[in-house]
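Contents: one structure, followed by commentary.
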Amino acid sequence: MRLTKLGHACVRLRKDDRTLVIDPGALTPEADAFAGAEAVLITHEHFDHFEGERLRQAMAENPRLEVWTCRAVAEGLSDLGGRVHATGHGDAVTVAGFDVHVYGEKHEIVHPDVPPVDNIGFLIDGEVFHPGDAFTIPGVDLPTLCLPTNAPWMKAPEMFAYLREIEPQRAYSVHDGLLNEFGLGLIDAQLSGEAERSGADIRRLRSGESVEL
């Protein structure tokens, strides 16, 4: 399986000429984010993970493209009919030839006066876990973690605690699109130190960079 970082929280997974994309939101600049994709997985409704008009355009251009997402996002796309599938914690589905297990229910707290929105994480082929905007612990082995590294809802010690509880063999930074070059340099240094401590492959992929899993 090939994992490609497509900017901010978006990744593309490709296996046996089949492709799915996770969280192609407004901070994912690549024009080809949907290129070749049979399916899109969306963790939650925030703009940096889900851009409705862009998704609708991609679905209009590609009649094969289908969506799996939390119930709140699915309700907003109900006019697209059977091409949009609502899913939730504990579900297991086959999507574009990938085995997908769903974990989690709510976004991390962003503001004390604002209830958290729905948020689900996706475990793909028992290999890659994308938690969306939550520190979800699925309770199963997670070889590869898409690791949120910067957000209004988190701080660095929480990131490290999450990473150390999961103990993945590989962890690649996501949710880093709000940072300038200095912030990204700090993330690189933090992840490099954690990689040295653990012996795991922990780092930030540049936009468009791929790894073979």
Side-chain angles (χ1 to χ4, degrees), residues 1-107 115-134 136 138 142 144 146 148 174-175 177 207-208 210 213:
M1 187 192 312
R2 172 179 291 181
L3 181 153
T4 302
K5 172 76 172 293
L6 294 180
H8 190 55
C10 182
V11 298
R12 175 191 290 140
L13 297 175
R14 185 170 178 83
K15 178 188 72 172
D16 299 331
D17 295 324
R18 305 194 74 176
T19 301
L20 62 78
V21 174
I22 306 174
D23 280 3
L27 298 184
T28 301
E30 286 75 7
D32 65 343
F34 298 96
E38 295 179 48
V40 177
L41 308 182
I42 299 170
T43 61
H44 66 286
E45 65 192 56
H46 288 162
F47 78 99
D48 53 331
H49 298 255
F50 164 60
E51 190 175 29
E53 290 311 307
R54 186 181 185 190
L55 177 61
R56 289 173 187 278
Q57 180 178 349
M59 295 180 74
E61 295 172 353
N62 179 2
R64 297 189 307 154
L65 190 62
E66 298 194 0
V67 177
W68 276 258
T69 185
C70 64
R71 288 173 176 81
V73 173
E75 288 173 4
L77 298 172
S78 60
D79 58 295
L80 296 174
R83 296 174 67 187
V84 177
H85 310 271
T87 189
H89 178 74
D91 287 347
V93 294
T94 300
V95 179
F98 296 83
D99 293 326
V100 178
H101 287 74
V102 182
Y103 296 95
E105 295 179 341
K106 293 295 181 181
H107 195 287
V117 300
D118 290 349
N119 180 95
I120 55 177
F122 298 104
L123 176 59
I124 315 301
D125 277 356
E127 174 65 46
V128 178
F129 184 59
H130 192 308
D133 283 6
T136 301
L142 302 178
T144 304
C146 295
V174 294
H175 217 284
S207 186
S210 299
L213 306 176

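Computed from a predicted structure; not experimentally measured.
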Spatial distance of atom [atom1] ([X]) from atom [atom2] ([Y]) [nearest 0.5 Å]:
{"X": "I42", "Y": "E51", "atom1": "CD1", "atom2": "CD", "answer": "11.0 Å"}
{"X": "C10", "Y": "H130", "atom1": "SG", "atom2": "NE2", "answer": "7.5 Å"}
{"X": "I124", "Y": "C146", "atom1": "CD1", "atom2": "SG", "answer": "9.0 Å"}
{"X": "L41", "Y": "F122", "atom1": "CG", "atom2": "CZ", "answer": "4.5 Å"}
{"X": "M1", "Y": "L213", "atom1": "CE", "atom2": "CG", "answer": "6.5 Å"}
{"X": "E75", "Y": "D118", "atom1": "CD", "atom2": "CG", "answer": "8.5 Å"}

Closest approach of [X] and [Y], non-hydrogen atoms and distance?
{"X": "H85", "Y": "G82", "answer": "CE1-O, 3.1 Å"}
{"X": "C70", "Y": "H44", "answer": "SG-CA, 4.1 Å"}
{"X": "L80", "Y": "M59", "answer": "CD1-SD, 3.6 Å"}
{"X": "A9", "Y": "V174", "answer": "CA-CB, 4.1 Å"}
{"X": "S210", "Y": "T4", "answer": "OG-OG1, 2.5 Å"}

Is the number of heavy atoms from other residues, nucleotides or ligands within 6.0 Å of CZ (R56) greater than 12? yes
Around atom CG of D16, are there more than 12 heavy atoms from other residues, nucleotides or ligands closer than 6.0 Å? no
Under a 4.5 Å cut-off applied to non-hydrogen side-chain atoms, are [X] and [Y] in contact?
{"X": "L77", "Y": "F50", "result": "yes"}
{"X": "F34", "Y": "Q57", "result": "no"}
{"X": "R2", "Y": "K15", "result": "no"}
{"X": "V73", "Y": "E45", "result": "yes"}

Hey, mind stepping through H49 and D23 against side-chain hydrogen bond (donor to acceptor under 3.5 Å, both in side chains) and telling me if it holds? CA-CA 4 Å; H49 298 255; D23 280 3; 2.6 Å; yes
Given V40, which partner from the list I22, L20, L55 fulfils the side-chain contact (heavy atoms from CB on, under 4.5 Å) test? L55
